[in-house]
Number of protein chains: 2
Amino acid sequence: MSPTILVVEDEPEIRHFLRSSLGAEGYRVVESPNGRRGEVDAGMHKPDLAIVDLGLPDFDGIQVIRHIREWSTMPIIVLSARIQERSKIDALDSGADDYITKPFGVGELLARVRVALRHAAQPPAGKELSFGEVQINFEARRATRDGEEIHFTAIEFRLLACLAKHLGMVVTHRQLLQEVWGPTHAQDTHYLRVYMKQLRDKLEPDPVRPRYLLTETGVGYRLVADD
Amino acid sequence: MSPTILVVEDEPEIRHFLRSSLGAEGYRVVESPNGRRGEVDAGMHKPDLAIVDLGLPDFDGIQVIRHIREWSTMPIIVLSARIQERSKIDALDSGADDYITKPFGVGELLARVRVALRHAAQPPAGKELSFGEVQINFEARRATRDGEEIHFTAIEFRLLACLAKHLGMVVTHRQLLQEVWGPTHAQDTHYLRVYMKQLRDKLEPDPVRPRYLLTETGVGYRLVADD
DNA sequence: CGCGCGCATTAAGAACCCGTAAAAAAATCG
DNA sequence: CGATTTTTTTACGGGTTCTTAATGCGCGCG
C-alpha cells in the first residue's frame, strides 16, 4: 500500500505542483488549503507524512505542527520562503523533521520525502545486533552479555531500539525523546542522561569510558558496533 | 543535450565575449541586453544557468535575481565591477550563487560555470563529500581523515554543512551566520573567524595555507573539493 | 611610509551540557 | 494491599563548548 502524504498549502500553484510530483511517484496525496483544514485532515486521514507551508493564510504553520505533535509522531516537512529563516528554526524546534526552502525542485522534494518516510517506517533494521560481548535480538526483545541474559525495562529497550535503528548515525535528543516518551516531552533531556547511564551500565565493558554508546555533546547520542 | 546559459549584460563588448567563450565550449547561449528582457528570457527559455551583470541600465541586477528566485533554483552567477562591492554581497544574499569580478579571464569564467552546473545537476541529497584525505557523511553526521574519525562540535558541523551545501560556491558571512547562529547574530563576523580556524585545523593538511576552505575577503567563505 | 581595515590566531572566562547518585512518585505484580 | 520494580525529579560537580577580547599580520590607500 503506497504511503499517504498530506499537503497543507494555500497557494494553488505550489499545491498542484506538489500533488503532481508526489502523485507521479505513486504516493497518495491529500490536499488542505489552510491550517484549520490541515489539522482536521491530519486527524481524519492519518497520513504517513505531512508537508506544511509556514506561510498559511489563517494561522501559522507552526500552530499546525504543534497541534499534530500533540498526538502524532508522523514525519513533518516544512516549506519555507527564503525570508522566513527565523520561523524555519522555530518550526524545527516545534517538532518538524526537515525543511525545504522555496523555490525547490522535484528532485530535492522527493529525496526529502523518501528520507522522512524511511526514518519513520523502519522497524529496527536487522533483527540482531552485536558488539563486544553483547548480543541483542530485537524481534524477541532479548539480549545477552557473555551468554548471560540482560534485562531491560520498557523504556530502556525502546531507547536502545531507537539508537540501533540508526546504527552509526547520530540521533538527536529530540528524536529520541519523541520516539520514546512522545512529543510532549521533547525538551526533557534529563531523561536521556539518566537512561543513557543505565544502558551503559548494562552494555559497556567500562561504563565510564563508553565505547559503543557515544555522546555527541549538544546534539544527541549514537550507537556504534565494533569496527 | 548541451546546457543553455542566459547572459544578461548591457555592454555589447562583454556580452559578445561571453557568447563566444561559452559558445566555444558547446554551451547554448541566450543573450538579453537589459533586466526586463532578462526576466522574460529566463521564463521563456528556462536556461540551466544565468549570468547576470549587476550594472544594468534599466533596473538593478538584484531585482532580476529576486524575481528569478521566486520561481526557480537555477544557479545564478553575478558579474560585478570592483566598485560594486556592496551590491555584490547583496546579490549573493538575494540568492545568487557565485560572482565574478570584472575584468575576468575565460578560464575563471568557465571554471565557475562548470562548478555551478555540476552543483545544480546533483540533488542536494548528496550524503557524502570528500576532499583530500577527508570524508564527510552528513547523514550520519560523521567525518574521517586518513581513516581516523574527526570530532566536530555542534556549531562546527553546522558551519561545515552550510558550506558543503553550496560546494564550490561562495557563501556570504550573513548566510553562514544566519544559518548557524540565527538571525540575531547576522553581523557577528568574528564568530566565523574563530570557527573557520578550528575547521581548518581539523580539515586542512596545512591549516595556514588553506586549500579547501577558502576566504573570500569582504564577502564570505567557499569550500572546494579537489578536481 | 604610516594608517586603517579585515582576517588569523590565541587564550581565558562564562555558559552550558553531561554524568552521576539518590530520593520521591508511580506503576506493576503477587 | 504491600513489596518490588520502574519511572520521574532533583541536585551538583566536572568537563566541554561557546563567547569574547586582545594581539599580530598583510594589504591597499592616502
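So you know, we letter chains A, B, ... as the sequences are listed, proteins then strands, and number each from 1.
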A.B. asks: Starting from the 5' end of DNA chain C, give me the residue, B:Glu216 or A:Val219, whose nearest nucleotide shows up first.
C.D. replies: B:Glu216
A.B. asks: Please report the distance, rounded to the nearest Å, between CG in A:Leu192 and C1' in C:dC17.
C.D. replies: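 Going from CG in A:Leu192 over to C1' in C:dC17 covers 12 Å.
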A.B. asks: Go through the side-chain N and O atoms of A:Arg222 and A:Thr172 and say whether any donor and acceptor fall under 3.5 Å apart.
C.D. replies: no
A.B. asks: Between C:dA24 atom P and A:Tyr191 atom OH, what is the distance in whole Å?
C.D. replies: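 Taking atom P of C:dA24 as the reference, OH of A:Tyr191 is at 18 Å.
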A.B. asks: From the options D:dT7, C:dC17, D:dT9, select the nucleotide whose nearest atom is closest to the side chain of A:Val194.
C.D. replies: D:dT9
A.B. asks: In whole angstrom, what separates A:Arg193's CZ from C:dA22's C1'?
C.D. replies: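 The answer, rounded to whole Å, is 15 Å.
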A.B. asks: Check whether any side-chain N or O of B:Thr153 sits under 4.0 Å from OP1 or OP2 of D:dC18, and answer yes or no.
C.D. replies: yes
A.B. asks: Quickly work out the A:Gln198 CD to C:dA22 C1' distance and round it to whole Å.
C.D. replies: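 Nearest whole value for this atom pair: 12 Å.
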A.B. asks: Give one of base, sugar-phosphate or nothing for B:Phe152, where a contact means two heavy atoms less than 4.0 Å apart.
C.D. replies: nothing
A.B. asks: Taking CD from B:Glu156 and P from D:dT17, how many angstroms apart are they, rounded to a whole number?
C.D. replies: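 Taking atom P of D:dT17 as the reference, CD of B:Glu156 is at 8 Å.
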A.B. asks: Report the distance from atom CH2 of B:Trp181 to atom P of D:dC18, rounded to the nearest whole Å.
C.D. replies: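 It is 9 Å, rounded to the nearest whole Å.
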A.B. asks: Nearest whole Å is fine: how far is D:dT7 P from A:Arg158 CZ?
C.D. replies: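 One finds 8 Å between P of D:dT7 and CZ of A:Arg158, rounded.
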A.B. asks: Between the side chains of B:Arg145 and B:Glu133, is the shortest nitrogen-to-carboxylate-oxygen separation below 4.0 Å, so that they form an ion pair?
C.D. replies: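 No.
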A.B. asks: May I ask you to check whether B:Arg86 and B:Ser80 show a side-chain donor-acceptor distance below 3.5 Å?
C.D. replies: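 B:Arg86 vs B:Ser80: no donor-acceptor pair found between side chains.
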A.B. asks: Would you say C:dG6 has OP1 or OP2 under 4.0 Å from some side-chain N or O of B:Tyr221?
C.D. replies: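 Checking B:Tyr221 against C:dG6: no side-chain N or O falls below 4.0 Å of OP1 or OP2.
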A.B. asks: Closest to the B:Lys197 side chain: C:dC7, C:dT9, D:dT6?
C.D. replies: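 So the side chain of B:Lys197 is nearest to C:dT9.
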A.B. asks: Within 45° of the axis and under 6.0 Å from the centre of the six-membered ring of A:Phe152, does NZ or CZ of A:Arg141 qualify?
C.D. replies: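 A:Arg141 over A:Phe152 ring: no.
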A.B. asks: For a quick test of reading the model: is some side-chain N or O of B:His151 closer than 4.0 Å to OP1 or OP2 of D:dT17?
C.D. replies: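 Yes, such a contact exists.
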A.B. asks: When you measure from the side-chain N and O atoms of A:His173 to the phosphate of C:dC18, is any distance below 4.0 Å, counting only OP1 and OP2?
C.D. replies: yes
A.B. asks: Give a yes or no on whether the backbone of B:Ile76 and the side-chain of B:Asp97 come within a donor-acceptor separation of less than 3.5 Å.
C.D. replies: yes
A.B. asks: What is the distance from CD1 of A:Ile155 to P of C:dT28, rounded to the nearest Å?
C.D. replies: 11 Å
A.B. asks: Return no unless some side-chain N or O of B:Thr215 is found under 4.0 Å from OP1 or OP2 of C:dA8.
C.D. replies: yes
A.B. asks: Under 4.0 Å between any heavy atoms, over every strand shown, what does A:His185 touch: base, sugar-phosphate, or nothing? Just pick one.
C.D. replies: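 No contact.
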